[in-house]
Amino acid sequence: MSLIDKLKRRFSKKDENSPAFRYAFAENINNRHVKYVTERYEGIEEIVGREGHINILPNGEELAVTSGIKEIFRARIEDLSMWTLMSNDGVVLSGYDFVTERQREVTAFYLYYR
């Protein structure tokens with residue numbers, strides 16, 4: 001990734017559909033501790049993981065949600081749709097998941113230390 005590409009990502013963050021916005025959002029949620037992760041499938045919401053993290057992978061192109069040593073969700077940042085919950089208690093990630101090799105939408109609820 002060249003320096004020009006990094007600068008473009010940094011300074012054009014207003015369009016929600018742009019890669020720059022998605023990379024900035026991913027940087028914002030990077031290294032967040034997760035209390036639990038849920039997935040809604042056919043109208044039933046179930047917990048798919050507990051006690052984990054949201055991390056940008058070392059290649060800088062993918063975002064992963066892990067629970068312990070198990071990878072629950074991994075997708076390319078450019079292809080993800082991401083938004084925070086209205087309560088700011090978590091984030092919804094929607095995109096093609098490399099773990100299950102299908103389109104998924106998972107909700108990760110943050111762990112807060114009080």
Side-chain angles (χ1 to χ4, degrees):
M1 176 180 311
S2 71
L3 180 62
I4 294 173
D5 290 336
K6 288 181 181 178
L7 289 173
K8 283 181 183 178
R9 280 192 198 165
R10 282 247 185 254
F11 296 114
S12 61
K13 300 178 187 175
K14 295 187 185 213
D15 180 19
E16 292 182 7
N17 294 321
S18 72
F21 178 84
R22 292 177 178 161
Y23 279 101
F25 194 96
E27 287 176 12
N28 188 31
I29 63 173
N30 188 30
N31 294 323
R32 289 278 185 130
H33 293 275
V34 174
K35 185 175 185 179
Y36 57 94
V37 180
T38 63
E39 178 181 17
R40 183 170 295 208
Y41 187 70
E42 294 181 1
I44 299 170
E45 189 168 9
E46 65 177 308
I47 296 174
V48 292
R50 295 179 188 272
E51 305 283 328
H53 291 87
I54 300 173
N55 292 314
I56 296 175
L57 297 181
N59 66 8
E61 301 293 323
E62 295 177 346
L63 185 77
V65 180
T66 58
S67 175
I69 59 170
K70 181 181 175 187
E71 194 171 61
I72 296 173
F73 182 82
R74 181 171 48 100
R76 287 180 41 87
I77 295 172
E78 289 184 12
D79 301 332
L80 271 177
S81 294
M82 302 175 273
W83 59 92
T84 56
L85 299 175
M86 289 180 68
S87 62
N88 287 328
D89 287 343
V91 64
V92 178
L93 305 169
S94 178
Y96 183 79
D97 179 23
F98 294 125
V99 175
T100 59
E101 297 180 347
R102 65 180 172 90
Q103 187 75 18
R104 282 178 78 189
E105 183 174 296
V106 297
T107 306
F109 294 90
Y110 302 141
L111 177 65
Y112 287 108
Y113 298 103
R114 298 178 194 223

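Residue numbers count from 1 along this sequence. Note that these values count all heavy atoms, side chains included, but never hydrogens, waters or copies made by symmetry.
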Next item on the list: Determine, using the 4.5 Å side-chain heavy-atom cutoff (strictly less than), whether Leu80 and Ile72 are members of one ILVMFWY cluster.
Entry: yes
Next item on the list: Name all pairs fulfilling the ring pair (Phe, Tyr, Trp, His ring centres under 6.0 Å) condition that reach into residues 79-110, sequence neighbours left out, sorted by first residue then second.
Entry: Tyr36-Phe109, Tyr96-Phe98
Item checked: Sequence neighbours excluded, every pair satisfying side chain to side chain donor-acceptor pair (under 3.5 Å) that has a member inside residues 64-73 -> Glu71-Arg74
Check: Given side chains that start at C-beta, do those of Val106 and Asp97 come closer than 4.5 Å, heavy atoms only?
Finding: no
Notebook entry, point to check: Checking side chain to side chain donor-acceptor pair (under 3.5 Å) for the pair Tyr23/Glu61: CA distance, chi angles, key distance, verdict?
Noted result: CA-CA 9 Å; Tyr23 279 101; Glu61 301 293 323; 2.7 Å; yes
Notebook entry, point to check: Taking side chain as C-beta onward, heavy atoms only, is Leu63 less than 4.5 Å from Met82?
Noted result: yes
Side-chain atoms of residues 47-57: list all donor-acceptor pairs with protein atoms under 3.5 Å, sequence neighbours left out, distances to 0.1 Å.
| residue | atom | partner | partner atom | Å |
| --- | --- | --- | --- | --- |
| His53 | NE2 | His33 | ND1 | 2.9 |

Checklist line | Other cluster members, Met86 - Ile/Leu/Val/Met/Phe/Trp/Tyr, side-chain contacts below 4.5 Å | finding: none
Notebook entry, point to check: With a 4.5 Å limit on heavy-atom distance, are the side chains of Phe73 and Leu93 in contact?
Noted result: yes
Checklist line | Spacing of CZ belonging to Arg22 relative to CD belonging to Glu27, to within rounding of 0.5 Å | finding: 15.0 Å
Check: Who pairs with Thr84 by side chain to side chain donor-acceptor pair (under 3.5 Å), at least two apart in sequence or on another chain?
Finding: none
Check: With sequence neighbours left out, which residue pairs that include part of residues 35-44 fulfil the salt bridge (charged side-chain N to carboxylate O under 4.0 Å, His left out) condition?
Finding: Glu39-Arg102, Glu39-Arg104, Arg40-Glu45
Checklist line | Hydrophobic cluster of Ile69, others only, ordered by chain and residue number, side-chain cut-off 4.5 Å | finding: none
Margin query: Checking Asp89 now: which residues fulfil salt bridge (charged side-chain N to carboxylate O under 4.0 Å, His left out) with it, not counting sequence neighbours?
Written below: none
Next item on the list: State, to 0.1 Å, how close Gly95 and Gln103 come at their nearest heavy-atom pair, and which atoms those are.
Entry: CA-NE2, 3.4 Å
